[in-house]
Each structure stands twice: as structure tokens, then as C-alpha cells.
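Presented below is the structure to which this report refers.
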Amino acid sequence: MTVLKTSMRNFLAHKGRMALSAVAVLLSVAFVCGTLVFTDTMNATFDKLFANTASDVSVGPKKDDDAQVTGKPETLPAALREKLAKVDGVAGVEPHATSKQLTVVNDKNKSLSPTSGAPTVGTNWGDSQKKSVEITSGHEPHGPAEAVLDADTAGKHGVKTGDKLRVIAAPGDFTVSVVGIATFKTTNPGAALLYFDTPTAQAKLLGSTGEFSGYGLTAASGVSDEQLKQRVSEALGSSARDYAVRTAAETKEENKKDIGSLLDVMKYALLGFAGIAVLVGVFLIVNTFSMLVAQRTREIGLMRAIGSSRPQILKSVLTEALLLGVVGSVLGIGGGIGLAVGLMKVMGSMGMKLDMGELTIKATTPVVGLAIGVLVTLLASLVPAFKATRISPMSALRDAGTPADGKAGKVRASIGLVLTALGGLALAAAAKADDAAAGSGVLALGVLLSLIGFIVVGPLLAGFVVRAISVVVLRVFGPVGRLAERNALRNPRRTGATASALMIGLALVAALSVVGSSMVASATDQLDKSVGADFIVQSENQQPLSPAVVKAVTSAGHVEHVSEYAVVSAKITTPDGKTVTQRLSAASPTYADDVRAETVKGNLKDAYGKDAMSVPEGFAKDHGIKPGDRLKVAMAGGRPAELTVKAVTSDDTSIDQGAVYTNIATARTYLPADKMPLDFMLLAKAADGRTKEAAAALKASVEQYPQIKVRDQSDYKKLIQDQVGQLLNIIYGLLALAIIVAILGVVNTLALSVVERTREIGLMRAIGLSRRQMRRMIRLESVVIALFGALLGLGLGMAWGTTAQKLLALQGLGVLDIPWPTITAVFLGSAVVGLLAALVPAFRAGRMNVLNAIATD
């Protein structure tokens, strides 16, 4: 009980000093709990949606990953409906006619498709739709000219009943009038939904009134889903293997699997950044308790002198840590719920309306948050706690505080240097790896070892780096600058630990900046070297191009030629007897001029001849293929072909790496029209001297198709840069949490340092140091610590990023680009961070009463 009382008294006495450490615990726990609450809420919401929409038993086409992308979904014959209705135990059969391969355009020629990447879905109106949505305005669709639109899409684009919409689908374009608005009962998964009557959905989306995309069966009373599935499978007989027959539970699991993979990526990515914040928080907590123990040296010595045992001292410090962990964790759990609500609002702004009534807080979430916060705090306080137990009773006769620690321990320095050297060797080995997969494992080891090495060797580096920085930054401030330098050097371990917290976040920022910049530079370089076409025509939503779009583009004026490019699913039987699933790049012969692929054997243009093909270098080496070999090629849904290898292309590229080229006419020879994939992309070459005219003509040709973009090479380069930049900005935003915790560490270190040096500050003020000079000294000390952390972090990060780029070079991204403006901005920003972190400690130091400070014991 005495230990608990002492711990409580000390905790409350130093509550101001503990506050920043508690904030670090709070942020870390909030990130973890917020991620768990958000993903659990998403899962619960989708579970409810899938449960509401799933039929007792569903029958659909068997999923075929090798199916050709024709723009039309896989279908079942309409005659199957009658057969299913006769199965014993079937109370009802509802046919589905659904497609995700469409674009919806309003009367202003603006696409209504989501910008979040979610699909635009067209389907027939039926009983299953009534489970998830209800018409809140207008009426159900009847006839080929009517449709119902979901309320979220209608609200976002200002669509109301009576408005005309144009639907662009693979079978053709058609116009409908909005006769109803449907509101979701649970959640809108972010998609845009358009409902038609059944015959219209069949004809306009599937291309035939004799087909459906699937069937939903309702079980009769007393018949379980499993029983009905069994009976349906028996009724289908040997053809059952061609269908996917699922119960409601299986359909729900299949849907969860599709969305679950995305949620898992999001969940583990967010938890990864939370882990980084936790790691950075450890440094803050270690520093806090180390300094508090050091400042209470006399107090602990007196406790030892009056009979306190070492275990009691240990329990006292750990109890304070426990209190800190509990307080920070409890606040963090609440903050996590708030963070989850914020993420739900963000998702809502992107089109995915998540009902706050579905907010899911599992019992395990606060337990996990509390466990992480408490365990991390206790583990971080162990070293300072054990140091406290080594304080002897004689320490009661000494001055409080720690003696100057001019250099780190030799053992620690040796271990740090060894780890750093091993990390450097691992990075060097990764950079020289011949295989990207194997090299990435070595890279991860190098990153881990070099990071730990820098953390351990930080106090040793402080002595050298801080002096070097001081020569440039501090010496110009005269005696005040020298005092700031000596303050930063008086305890290298503390300086190293404070800087290491900032180093971790900035190292990751630098590494990702180098990788991102190198990816953009490499892609740009490949475009300059390989792409001879003037224009690239693609769909913004990554959907294939309809025949109408291809016809419009190929008929544009001022164009020398247009190259079609389609991706054909096939199986290739190689000379070594193996059958390999492969995608064929089926293109026009002019594609060889539009994308200049380097060959190691043969001539690429010959691969576009009759019944000819090319293979990539690695594929040829793995299967012993050489020019002149005839390979059996079975295109999915078509007749078997025997194609002659005319060229072997180099793998040293990022554009079309690993592509198997053949003439698109060859693919059309062996594939029936309904199985021929739609073009994925078109490349256009302007007539000589007519580039501007060709650009205008091409853009005019696709004006009625707002989802289609015509880009020249500079536009395409900007697209790549923007995509990489957006991804990096998201990552930087998440890393900001770790950097914020690191800044709190600098603030805490300075605040405790000011308290520790109270008497010293009073003496300095007594002999003539002004308040302004005192504040400047504290600020300069903070700046040099921040720059020390930035220098270590940026240097380490650039080493990681450079090594990662060497591995990317194996995938064709061979240009290393160091983003010096970003690196410089981060370094200078660190100085600003140091200034801001020192504001409060410097203000407190400047306001100290001189006589009271000198009298401090």
C-alpha cells in the first residue's frame, strides 16, 4: 500500500511532465482502436447488406478467371429458369440480369460513375432489390425507356425524376428516362446503381433476351438452404459442374471474401502505421522515465536509506508507468472511436454511406487497446525502473540530477556499430540481387538491422553529428549557441533517443520519396524510349473500349494509324511439355512501331505475321523456346491454334514486361465474335505535321463518351506522377502520426531538461544571461536535436530507397531519382519543428524566478 501511495503521489506531482507521454500512448492506442472499430463496422455493415440481398440458394455461371473480357457478363440460358422452378422445394425463382461493364451519362454529357473506383451497376428490378432498397420517389421501371437510379448518385449529380440518362454498355448505347429514385435501407457500397425492367436489362446489358446472369431461388417452407442446394445440384445432373450453386451463407462468404481482401489491406496498413507510432512512443516514454528517475536521485536515495528495498523502488516506478498506460489507453480508446467515426465520414464523402447506427465496438477492441497501451508503457519503463533500483542510499548525500554523460558506453557503441555494419551489408546484398522476390527479403532484413543499429549507436553519433551541425547552425549565435550545443551534448543517450524518435518517421518519408520519385522517373524514361505513338486512348474506369468507341477513334481525321490492343486469355503448351496460362497481347501490326519493344532474338514485326507470335526472354529461357518453334495455343472459348515464335523480347523494360505479342487478326481467326475480347487501349499516330489537328480530332471523336480519355505522352506522364503522388500523400499523412509523437518527445525532453537544470538556469540568469538569451538557448538546443534526427533519418531513408530502387530495376524501373527538393524541404522543416517544439519549454525557462531557481535543491 505504501508503494502505491508513493507512486500515486509522484504521478500526480509530475502530472504535467507525464501529460505528453500520455498523449503519445493516447495517439498510438487511438490509431489501433480506431482501425479495429472502423473495419469491424465496415464488416458488420456489409454482412447486413449481403444477408439482406442473398437468396436462399443462388445459381450462377461458374467463375472463370481465364474468361475473355468481352464487356458482357457470363450468362446462363433463360430456359434454365423453368427447370429450376420444377425442383422439389423451390418456392420461387427470380432471374437476375446484371452487368458492371457500363457507364451512365447525364444530359450534360457528364459521367455519373463513382470516382472512388467502385463500379457502375445495371440490373433488373425485382424482389431481391426490394430487400436492400426502396423507391422513395417515382415508380418502378416499365419498358425499355425507363429506369430507376439510386438516391446517393442522384443526389450527388442533381438527377431527378424525368431526367434523361444515356447508358453506354457493350451491346450498345441507349437512352432512358429516370422514373424513380431508390434509397438504400442499409448502406450504399459506393457503387452507382441503375435499375431496369427485366426484358430491358436482358437485351441492353446482356445482349440477348434468352439469357440471364443468374437465378435466386426461394426455399419452400420446411426446406433448408443446404437441402435445396443438394436437390438443385441433383436436378442439374452432370451439367452442375458448369454452374456455381450456393446457399445464402456461401453467397455471403463469397461476397465477404471479395470485399474482405480490400478491408484486410486497409486494416493491416493502418495497423502498420499504428505500430510505427507505438515504436516512436516508446522512445518518448523511456526518455520521460529516465529523466524523472534521474531528477529523483536524492529522493530515491533517501527512500533506500530509510529502508525501502530495491523491489519496492522497482514496483514504485512500474506503478507510475502502469498509471500512465491506463490513463493514456482509456483516453486512446475513446479517441479511437472518434477516429473511426471520422473515417466513416471520409468514406461517406467518397460515396460509401456508412450508417452511424452500425458503429461496431467489439468487446475485444478496448481490451486490445488497453493491453497495447499498458504493455508498451510498462516495457518502455523497465530500463529506467531497473536503473532506479541501482541508486544507493549514499545518493541521498549527492546533488539531484544526473552527472554529465559525455560519451555512450563502449559496449553499446560496439553493438550499434556491428548492427549498422550488418544492416549495410544486407542492403548492399539486396542491391546486387538477381531476383526481386529474394532481394526484398534481404532488403527487409537490412532495413531492420540498420534501423536498430542507428538507434543503438545514436548516442555515439550525437557527439560527432551535433558538433558538425553546431558549426553551421549554432556558432553564429555566439556564446548562446555554444551553450545550446553543450546542453545537447551533455547527455548523448537522451539526445540520441529523442532524435531517434524523429529519425524513424523521417527515414520512412525519405525512403518512400526516393522510391516514388524513381518510379515516376523510370516510367517517364520508358515512355520516352519505348512509346512512339503520339496519343493513348483509354477508359478512365479501366473498362474495355466498346466497338462504337473504337470505330469513332479509327475514323478520326489527321491520324496516320490507330493500333488496337486487346488482352486474350490463353493456355500455351511449351516444348518442354508444360501447359501455361498466359495472357496474349493481341495488337495491330503498327503496335510494333507504337511501342518499341527491344528483342534479343528475331524481329518483332515478324511476330505480327500470319499465325505468328513472340515470347518474353524469361519465358523462353524457362521453357527452352527459340525462334522457329511452333507452340500450341488454346485461346479461351476458341479453336486451338499453332503459332510460330518469330521473336524473343527483352525483359529489361517496365512497359509490357513479359508480354506475348500476336496479331489481333490472328486472335479473331481462332475466337468466335462473342468471345473476342474488347480492346483495352488504342494507340494513335498523328499524320506528319498534324499533331495538334489529330489531337483535336481524336478528342472530338470521343466527346460523347466522357469515360474515354485521349492523352498525349506529356498527359500520360502527368497521370503517372499524380497517381504516385496521391499514394505518397496518403502514406505521408499516416506517417504524420509518428512524427507528431516524435515532436511530443522533443517537447517532453526539453521540458524535463529545463526542470532538471532549474538551479543552473537560475545561476546563468544571475550572472547576466537575459530572458531572451535563455529562450534562444532552449530553442537552439531543440533545433539541433531535430536536425540531428532529420539528418540520420533522411540519410538512412535514402539508403533504403536507393536499395529498393535497385530491386525495382529488375522489374524495368531502372532510373534512380533522388527528390532533392523534397529532402531539402523535410530537412528545413525539421528545423521549424524544433523551433515550435521549444516554444513552451523556452517560455517556462525564461519566466523562472532567479532567486527561487538558485535556491532549488
Side-chain angles (χ1 to χ4, degrees), residues 62-74 101 170 436-437 526 530-531 536-539 541-545 550 563-576 578-589 591-592 594-599 602 604 607-609 611-623 625 629-683 811-812:
K62 192 170 184 179
K63 188 175 181 180
D64 184 4
D65 293 330
D66 297 327
Q68 309 292 4
V69 181
T70 62
K72 302 176 187 177
E74 292 293 306
Q101 301 290 327
Q526 285 291 331
S530 303
V531 179
I536 301 166
V537 183
Q538 281 181 308
S539 171
N541 52 16
Q542 300 301 308
Q543 290 183 3
L545 308 179
V550 176
S563 297
E564 296 184 62
Y565 181 94
V567 179
V568 177
S569 296
K571 293 184 184 296
I572 300 176
T573 302
T574 57
D576 55 7
K578 295 180 179 178
T579 299
V580 183
T581 300
Q582 187 72 39
R583 305 280 181 181
L584 307 183
S585 296
S588 306
Y591 188 80
D594 292 332
V595 176
R596 297 182 288 268
E598 184 181 342
T599 57
L604 185 58
Y608 292 94
D611 289 346
M613 65 184 295
S614 72
V615 293
E617 185 178 5
F619 186 79
K621 189 180 297 182
D622 292 342
H623 300 285
I625 301 172
D629 287 348
R630 294 180 66 79
L631 306 181
K632 292 180 180 178
V633 180
M635 302 180 198
R639 296 186 292 112
E642 195 170 273
L643 307 183
T644 303
V645 176
K646 293 292 187 179
V648 177
T649 55
S650 171
D651 285 338
D652 187 18
T653 181
S654 60
I655 295 179
D656 281 358
Q657 187 181 56
V660 175
Y661 294 113
T662 191
N663 195 325
I664 196 167
T666 299
R668 287 173 178 149
T669 300
Y670 294 97
L671 283 169
D674 64 336
K675 294 296 182 182
M676 182 64 200
L678 296 180
D679 289 333
F680 177 73
M681 173 178 64
L682 299 173
L683 298 178
Q811 305 298 318

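Just so you know, residue 1 is the first one in the sequence shown, and it goes up from there.
- With hydrogens and angles disregarded, a donor-acceptor distance shorter than 3.5 Å links the side chain of Ser614 to the backbone of Tyr661.
- At least one donor-acceptor pair closer than 3.5 Å links the side chain of Arg639 to the backbone N or O of Thr669.
- Note that the NZ atom of Lys646 and the CE atom of Met613 stand 12.5 Å from one another [nearest 0.5 Å].
- The pair Lys72-Asp674 fails the salt-bridge criterion, with no side-chain N (NZ, NE, NH1 or NH2) lying under 4.0 Å from an Asp/Glu carboxylate O.
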Could you walk me through whether Glu598 and Thr649 pass the side-chain contact (heavy atoms from CB on, under 4.5 Å) test, one step at a time?
CA-CA 6 Å; Glu598 184 181 342; Thr649 55; over 6 Å; no
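- Scanning both residues, Val567 and Tyr565, for their nearest heavy atoms gives CG2-CE2, 3.9 Å.
- By the 4.5 Å heavy-atom criterion applied to side chains, Thr574 and Thr579 are not counted as neighbours.
- Two residues are said to be in side-chain contact when any heavy atoms from C-beta on lie closer than 4.5 Å; Met635 and Ser569 fail this criterion.
- For the atom pair CG (Leu584) and CD1 (Ile572), the distance works out to 5.5 Å, reported to the nearest 0.5 Å.
- For the pair Thr662 (side chain) and Ala612 (backbone), a donor-acceptor distance under 3.5 Å is present.
- Closest approach of Leu545 and Leu678 over heavy atoms only: O-CB, 3.5 Å.
- Using a cutoff of 4.0 Å between basic side-chain nitrogens and carboxylate oxygens, Glu642 and Arg630 are scored as salt-bridged.
- Residues Thr653 and Ser530 come closest through the heavy atom pair OG1-OG, 4.5 Å.
- Rounding to the nearest 0.5 Å gives a distance of 9.5 Å between CD of Gln538 and CG of Leu682.
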Run Asp656 and Tyr591 through side-chain hydrogen bond (donor to acceptor under 3.5 Å, both in side chains) and show every step you take.
CA-CA 12 Å; Asp656 281 358; Tyr591 188 80; 2.6 Å; yes
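- The closest side-chain heavy-atom distance from Pro544 to Phe680 is not below 4.5 Å.
- Contact check for Asp611 versus Tyr670: side-chain heavy atoms found under the 4.5 Å cut-off.
- Taking the side chain as every heavy atom from C-beta outward, Lys571 and Val580 never approach each other to under 4.5 Å.
- Summarising the geometry of Ala170 relative to Thr70, their closest heavy-atom pair is CB-O, 4.1 Å, with the distance given to 0.1 Å.
- Between Thr666 and Leu643, some side-chain heavy-atom pair lies under the 4.5 Å cut-off.
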Assess whether side-chain contact (heavy atoms from CB on, under 4.5 Å) is satisfied between Val648 and Ile625, documenting all intermediate values.
CA-CA 9 Å; Val648 177; Ile625 301 172; 5.9 Å; no
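- Residues Ser585 and Ala659 share a closest heavy-atom pair of OG-CB, 3.6 Å.
- Taking every heavy atom of both residues into account, Asp651 and Gln657 meet most closely at O-NE2, 2.7 Å.
- Inter-residue side-chain proximity for Ile536 and Leu683 is flagged as met; some heavy-atom pair is nearer than 4.5 Å.
- Within the 4.5 Å cutoff, the side chain of Ile664 has heavy atoms near those of the Asp679 side chain.
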